[in-house]
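As structure tokens, the structure follows; a few thoughts come after it.
Below, each value reflects all heavy atoms present in this structure, side chains not excepted, and no hydrogens, waters or symmetry copies. As the structure is a prediction and not an experimental result, all values here were calculated from the model.
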Amino acid sequence: MIQTLVRGGAAGAAGTTVLNTVTYADMAWRGRASSQAPAQVVDKIAQDAGYEVPGSGETRDNRLSGLGALSGILVGCGTGAAVSLLHRAGIRPPWWLGGAVTGALAMAATDLPMARLDVSDPTSWSVTDWVSDVVPHLMYGLVTYGLVAATDNRA
């Protein structure tokens, strides 16, 4: 069981690296700014828990930016671990379907909290906004699920 979780977490870390690479390449290509949504989600969760992220001004903003990025890594590794457990339990769709579903799970794990906390409203996103969200998550899913399936000793 531990080996399954570690394998899935590592696959999720690799997928997260690909997601970040695709996102940063898009930012460089189009000259768009990075999203502040992860930092805003962390800030709202901290406030709801009765905790104030320390610092002020730029120091606090930088801390929230770092915590937002770390939360993305946590979601990526956690999703990989969960998918690895499902794979071990016998849920083994073809790599392309497993990859798409894995990407959709990671996307839901990030977009639903943003919507629930009123950080962003996906219903108001443009087609370009959706593509900027879907493509990196799809790449994440394909890499993560591909590695989970490829490294399963019992496959």
Rounded to the nearest 0.5 Å, how far apart are [atom1] of [X] and [atom2] of [Y]?
| X | Y | atom1 | atom2 | value |
| --- | --- | --- | --- | --- |
| Asp111 | Asp121 | CG | CG | 11.0 Å |
| Leu64 | Lys44 | CG | NZ | 12.5 Å |
| Ser35 | Asp133 | OG | CG | 9.0 Å |
| Arg92 | Leu97 | CZ | CG | 15.0 Å |
| Gln36 | Asp43 | CD | CG | 11.5 Å |
| Arg32 | Thr23 | CZ | OG1 | 6.5 Å |

When you measure from the side chain of [X] to the backbone of [Y], do you find a donor-acceptor pair of N or O atoms at a distance under 3.5 Å?
| X | Y | result |
| --- | --- | --- |
| Arg63 | Pro54 | yes |
| Ser71 | Gly68 | yes |
| Ser84 | Thr4 | yes |
| Asp129 | Ser126 | yes |

Just wondering, do [Y] and [X] contact through their side chains at under 4.5 Å, heavy atoms?
| X | Y | result |
| --- | --- | --- |
| Gln40 | Leu117 | no |
| His137 | Thr110 | yes |
| Tyr140 | Val75 | no |
| Trp125 | Ser132 | no |

Taking all atoms of both residues into account, what is the closest heavy-atom pair of [X] and [Y], and its distance?
| X | Y | result |
| --- | --- | --- |
| Leu5 | Ala81 | O-CB, 3.9 Å |
| Ala11 | Leu147 | CB-CB, 3.8 Å |
| Arg60 | Val53 | NE-O, 3.1 Å |
| Met114 | Ala37 | SD-CB, 3.2 Å |
| Gly98 | Pro93 | CA-CG, 3.6 Å |
| Pro122 | Ala115 | CD-CB, 3.8 Å |

message: Take a 6.0 Å sphere around CD of Glu52 and say whether it holds more than 12 heavy atoms from other residues, nucleotides or ligands.
response: yes
- request: Tell me, yes or no, whether the heavy-atom count around Arg116 atom CZ, taken from other residues, nucleotides or ligands under 6.0 Å, exceeds 12.
  value: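 No, because the 6.0 Å sphere around CZ of Arg116 holds 12 heavy atoms or fewer from other groups.
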Do [X] and [Y] sit in the same hydrophobic cluster, where Ile, Leu, Val, Met, Phe, Trp and Tyr count as joined when their side-chain heavy atoms come under 4.5 Å apart?
| X | Y | value |
| --- | --- | --- |
| Trp95 | Val143 | yes |
| Val22 | Leu105 | yes |
| Trp96 | Val18 | yes |
| Val135 | Val127 | yes |
| Leu67 | Val41 | no |

